[in-house]
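Chain letters run A, B, ... following the sequence lines, proteins first, then strands; residues in each count from 1. These values consider heavy atoms only, across backbone and side chains, with no hydrogens, waters or symmetry-generated copies.
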Amino acid sequence: MTMSSSRCPCRPYPGAGSLAAALLAFALPASAVPFRYAEDLAPGIVHPLYTTTMAEARISELVFDGLYTDDPQLASTPGLALSAGLSPDGREMTVRLREDVTWHDGAPFTARDVVFTIQAMKDASTLSTESGRVAWIDQAVLVDAHTVRLVFRQPERRPEDKLHFKILPAHLFPETPIRRTGTFRHRPVGTGPYKVISFNEDNSITMRAVSGEGDPAGLAEVAMREVSDKNYQAKLLLYESLEALVRVLPRDLAVLQNHRKVELYPYQTNSWWYLGFNLDRTPYDEPSVRQAIAALIDIDALLAPIGTGDVVSGPYVPSSPYCNHQVPRFEHQPSQADALLSEAGFVKEARTWTRNGQPLRLKVVSHRTLESSQEVVINLQSQLREAGIGVEPEFLDDASWKARIWRERDYDLVLSQWTFDRSEDVYDQFHSSGTRNFTGYANPEVDTLLEKARTTTDPQVKKTALREVHRLVHDDVPMVFLWTLDSYAAFSSRVHNVVIHPFYFFTWVQNWRME
Amino acid sequence: MPDRLLLAGLEIRAGERVLVRDGGFRVDAGEVVALVGASGSGKTLSARAVLGLPGPQPGVVAARCSVEANREVHEPWSGVSEAFATGRLARFRREVEARFRAIRGRIVGYLPQDARGALDPLWTVRRQVEEALALGRTPGRATDWLARSGFRDPASILPLYPHQLSGGMAQRVAIALALARGSRFLLADEPTSGLDPTVQAGILEEIRATSAEGVGILLITHDLRQVHRVAHRVVFMDTGRVVETLDAADMDRARSPEARALLASTARIAWRAFA
Amino acid sequence: MRATLLAGSAVLWLVLLLGLAGPFLPYDVVTAVDPEAIGLAPSLDHWLGTDHLGRDVAWRLLMAPGAFVGPGLLAVAVATTLGVTAGALTGFVGGVLASTIRYLSTVTASIPRFVLVLLVMTIYGSEGWLLGVAAGVAWAPALAEAVHQRIEVLTRAEFVLAARAHGIGSARILLFHLLWVNGRRMVGRQALLLFGYLLVLETTLSYLGGFGVPEPEPSWGNMLAFEFGQHTANPWGLWAPAIAIWVTVLATGIVSEVFAEREHA
C-alpha cells in the first residue's frame with residue numbers, strides 16, 4: 001500500500017477520471033488501486049444510529065459490526081458474538097463476545113460497548129429511528145468483560161435474528177443519549193473490516209482494511225465516490241474509474257450486459273415503489289376516491305419506460321413470506337373509477353372531474369434524486385389528465401422534502417419507495433404511531449396485527465398476521481402500491497468472488513478479491 | 001438697435017495653468033472679425049465661452065458678455081463672478097445654463113473646427129438639417145436651405161451619411177446647420193483647415209456672403225491671408241492674451257511684438273511658397 | 001453575407017412565431033405519453049420519432065419555443081431597462097448616484113452570470129418569468145458597461161458639442177442622439193446575444209437536474225436533458241433539440257454581427 005493511491009484525484013468527470021485511472025494503473029501495481037464504488041449521494045455522516053439512506057446503511061456495513069450478521073443463505077451467524085445460550089423459557093440470553101476484537105482506534109472491544117449501545121438506543125433522548133430495534137430487550141446486563149446477559153420483555157425464539165444492529169464504542173461517548181450532532185458522525189470508529197481514513201473534498205470517503213482482520217488477499221482499500229450525475233456512473237465503470245455500481249440504471253443494462261470488462265449481479269431487494277396519499281386532506285380521506293384514483297392508474301404503463309420488475313399488491317414483495325398472494329394487484333379499470341367518482345359526488349365537466357365547483361387536482365410530490373421519478377410522474381400526469389384529473393408535479397430536494405412531506409404535510413400524493421432489511425418490518429410505515437407513517441394511516445385492526453407480529457415468538461402466527469396486514473392495507477388504499485424493480489449491481493470483471501447482500505450490500509466484502 | 005456681440009474679461013484656468021487671461025472680442029452685425037494667433041493661444045476657448053461651452057465652473061469665468069440681437073439683450077455671464085465669490089454657483093448653474101440655451105443656435109451659431117466630426121456620424125444629412133430647421137421653427141425645406149449654402153444639387157446630398165461627404169461639402173452642411181435657426185452671429189472655428197485652396201476660396205466666399213446678409217462672424221484662423229480676404233477687423237491672441245486689435249486693412253502695421261512675429265512667420269511661408 | 005443574414009433572421013422570426021403560436025398549436029404536451037411508442041425511429045407518424053416516454057419529438061420541438069421566447073423577451077426588457085438606464089446615467093450624468101450605480105453594477109458583474117442565475121433558480125424555483133428576470137439582471141452590468149463606454153466616448157465627440165452649440169438640450173442629446181441614433185444597434189446586438197445566451201442557459205439549467213423549464217412543458221434544453229444517457233433507438237430525441245439550439249444561437253450571432261457591421265460602416 002502506498003500513500004499516493006489514497007490521494008487519487010477522484011473526480012466525477014470521465015475525462016479527468018479515466019486519465020487519472022489510466023495513469024494510476026500504469027504507475028502502480030494493480031493491488032494499490034482502491035476498490036471504488038459509486039453512490040448517487042454521498043452519506044453526509046457515518047453513524048449507524050442515524051442511518052436514513054441506503055448509502056449510509058451500506059457504508060455502516062463496512063465500518064461497523066453487529067452481534068450477529070447474515071451468512072450467504074441469509075441465516076443469522078455470529079459476528080461480534082462468539083457463542084450464546086438461550087434460557088429454556090426464552091426470556092434470557094447470555095452472549096459470549098469475541099475477545100480478539102479491537103476498535104479502529106486501538107481500544108479493546110468489551111461487553112461494556114454492547115450494554116452501552118443497547119442503553120443508548122433505549123434512551124428516550126436518543127432521537128434515532130433505529131431505536132425500535134431494541135424495544136424488545138428489557139435490559140442488558142454486564143456479566144464480565146466479555147459476557148452480556150440480555151433480558152427480554154417476552155419469550156423469544158430466535159433473538160439472534162434481531163441482534164444485527166451495529167455496536168458503538170462506549171469509550172467515545174460521554175453519556176447514553178447519543179445525539180445526531182455529536183462529533184462521532186465525522187470521526188466514526190467501528191470494529192468492521194474497514195476503517196474510515198478520510199472524508200475527502202470531493203465528497204468521497206476513503207476506507208482501509210483493518211490489518212490483521214480478514215484475509216490479506218482481500219480489498220486493501222475501499223473508496224466511496226459520489227457520482228451525482230447518474231448518466232456518468234456506467235461510463236465511469238467502463239472507463240475503469242470505478243470498480244462497482246451499487247445499482248445499474250435500467251437504461252444502462254443493455255450496454256453493460258455485453259461489455260467484457262463488466263459483470264452484472266442480479267440481486268433481490270426488499271424495496272417497492274408507491275404513490276402515497278395525504279389521508280388528512282379532502283377528498284383523499286375518502287376510500288372510494290382513493291380507490292377510484294388507483295383504478296385510473298395504468299401501473300404497467302408507468303413501469304414500462306423505466307425498467308422491469310414485479311407489480312406489488314401490498315406492503316410485501318411477491319418473494320416475501322408475508323406476501324398475501326390472494327390479494328389482487330391494482331388493475332387499470334377506468335369505468336369502475338368513473339362509477340366510484342360519480343358515487344362520491346364528482347361530475348365530469350369540461351373533461352375534468354369536479355365536485356362543488358372544485359376541480360380534482362393532485363399535487364404530486366417526488367424526490368429529485370429518486371431515479372426515474374420524472375418519467376413516472378410525467379407519465380402519471382398524462383394518464384390522469386386523460387382521465388380528467390389535473391396533476392401538479394413537484395420535484396423536491398432533500399431539505400424541502402423533509403419540510404414538505406414530514407413537517408408541513410403539504411402534498412396530495414407522494415411518489416417514493418421504501419426499502420427494507422431482512423426483518424421486512426412495516427410497523428413504522430403502517431402503525432398509527434409508526435415513525436415513518438407520514439400518510440396518516442390508522443387502522444386499529446392493522447395496529448393490533450402489527451403489534452402481534454412484533455411480539456409473537458411463533459413464526460407461523462407472525463406470517464398469518466402480516467399476510468392479513470398485507471390484505472387490509474391493500475383494501476384501505478393509503479397508497480397505490482406500484483412495483484419492485486429488478487436490481488442489478490455491476491462490477492468490474494477484475495473483481496472476483498462477489499456475493500452481494502440484498503440490503504447491506506457489503507456484508508461479505510471480506511471474500512471479494514481484486515486483480 | 002444694431003446687433004452686437006461683446007465678450008470681455010474672460011479668464012480660463014486649468015489647475016495652475018492659465019489658458020486665457022483677460023480674453024475677449026467684439027463683433028458687430030455684418031462684420032467679419034478675425035481671431036488670429038498660434039495654436040494654443042486660446043482662440044477656440046474664447047469663442048466657445050460665448051456659448052457657455054464650457055459654462056461657468058471653477059477656473060472659468062467671464063467678467064462681461066453681452067449679446068444684443070433681435071431687440072433682445074442677453075448677458076449670460078452676468079453675476080457669475082459674484083456667485084463664485086460667494087460660493088453660490090451650484091444653485092446658480094441651472095439658471096446660467098438656461099441663459100446660454102437662449103442664445104445657442106438661436107442667436108449665435110457655432111461652426112466647429114472639424115466639420116465632418118461635427119455631424120452625427122449615424123445620421124443622414126437630411127435628418128440633421130431637418131432637426132436643425134425644426135428646432136428653430138425655420139420655414140422651408142432642407143433642400144432650400146442647403147441650396148442657400150451654395151450646393152448646386154442639394155437633393156443628391158440629403159440621403160448621404162457624413163462619411164460619404166467630402167471635406168468641403170461637410171463644411172457647407174455644417175454652415176447650413178449653424179445658421180439654420182436664423183443666428184445673427186456665427187463663430188467659425190478654422191472653417192478652411194484641411195481643405196484644398198479652391199474649396200477654401202469657396203468657403204470664404206460663403207462666409208463673406210453670409211456677413212453680407214447682416215450676420216456678424218468671428219473667424220478663427222491662423223492663416224493671415226484669409227484675414228486679408230474677408231475680415232474687417234483682426235484680433236491677435238498670444239498665450240491666452242489679446243495682444244492687439246486693429247482694422248484688417250491696417251494689419252501690417254501691428255505694433256505688438258507677438259503680432260509682428262506672427263506676421264513675419266506668415267511672410268516667410270509666403271516667400272517660400274513663391275520661391 | 002446577405003444570404004446568411006436572411007437565413008439567420010428567418011430562423012429568429014420562425015422561433016419567435018412558434019413561441020407566440022405555441023399555446024394555439026393542436027398538441028397537448030401533458031397527455032402525450034404513449035408507453036406503446038417508446039423510442040421509435042422517425043416515420044410518417046412521428047417525423048423525428050419519439051422519446052423514451054413515447055412522446056413525439058417533432059411536436060415537442062415545435063412547442064418548445066413557447067417556453068423560452070417569453071422569458072427571452074422578458075430578459076431583454078429587463079437587461080435593456082436596467083443596463084441602458086445605468087449606462088446612460090453613469091456615462092452622461094455622473095455624480096454620486098452614478099458612482100453608486102457603477103459600484104452596484106461592478107458587484108453584480110463580479111458574480112459569474114451563470115452562478116447568479118442558478119442561485120436565483122434554486123432559491124425561488126424554476127419559473128419561466130424568473131429565469132427571464134434573473135438572466136436580464138445578470139446580463140445588465142455588461143450592457144450598462146457597454147452603454148457607459150459608448151456614451152462616455154460620444155459625449156466628448158465634436159458633434160455632441162456642435163449639437164449643444166446648436167441649442168439642443170441635454171435630454172434630447174442623451175436620449176435621442178446618443179442612445180437612439182448612436183446606441184440602438186449596439187443595444188440590439190446585446191439583446192440578440194442575450195436571447196441566445198438565455199437559450200444556452202436554459203439548456204444548462206435543465207441538464208443540471210430540473211432547474212430549467214419543468215417537464216412536461218417542453219424546452220429544447222429539457223428535451224436534451226431528458227433524453228441524455230438514454231440508450232433508446234431514436235437518436236433524434238437528442239439530435240433534434242441540439243441542432244435546434246445550435247441553429248438558433250448561430251442565428252442570433254449572425255444577425256447581431258450584421259448590427260455590428262452596420263454600426264461600423
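- Residue contact with chain C, scored on non-hydrogen atoms closer than 4.5 Å, is absent for B:Leu187.
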Residue pair B:Leu119, C:Phe159: steps toward the side chain to side chain contact (heavy atoms under 4.5 Å, CB included) verdict = CA-CA 5 Å; B:Leu119 302 174; C:Phe159 81 89; 5.6 Å; no
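- Between B:Pro112 and C:Glu158, the shortest heavy-atom contact is CB-OE2, 3.5 Å.
- In this structure, the portion of B:Leu51 lying under 4.5 Å from any heavy atom of chain C is its side chain and not its backbone.
- Considering all non-hydrogen atoms of both residues, C:Arg164 and B:Leu53 come closest at CD-CD2, 3.7 Å.
- Put simply, CG on C:Leu154 and CG on B:Asp120 are 8.5 Å apart, with the number rounded to the nearest 0.5 Å.
- Counting only residues at least two apart or on different chains, the ring pair (Phe, Tyr, Trp, His ring centres under 6.0 Å) pairs with a member in residues 99-127 of chain B are B:Trp77-B:Phe100, B:Trp123-C:Phe176, B:Trp123-C:His177.
- Of all the listed residues (B:Arg127, B:Arg116, B:Arg181, B:Glu131), the one sharing the greatest number of non-hydrogen pairs under 4.5 Å with chain C is B:Glu131.
- Across B:Arg101 and C:Ile168, no two heavy atoms sit closer than the pair NH2-C, 4.4 Å.
- For B:Arg13, the CZ atom is loosely surrounded, since the number of other residues' heavy atoms within 6.0 Å does not exceed 12.
- Interface remark: of the candidates B:Pro162, B:Ala180, B:Ala118, B:Ala174, B:Ala118 forms the most heavy-atom pairs closer than 4.5 Å to chain C.
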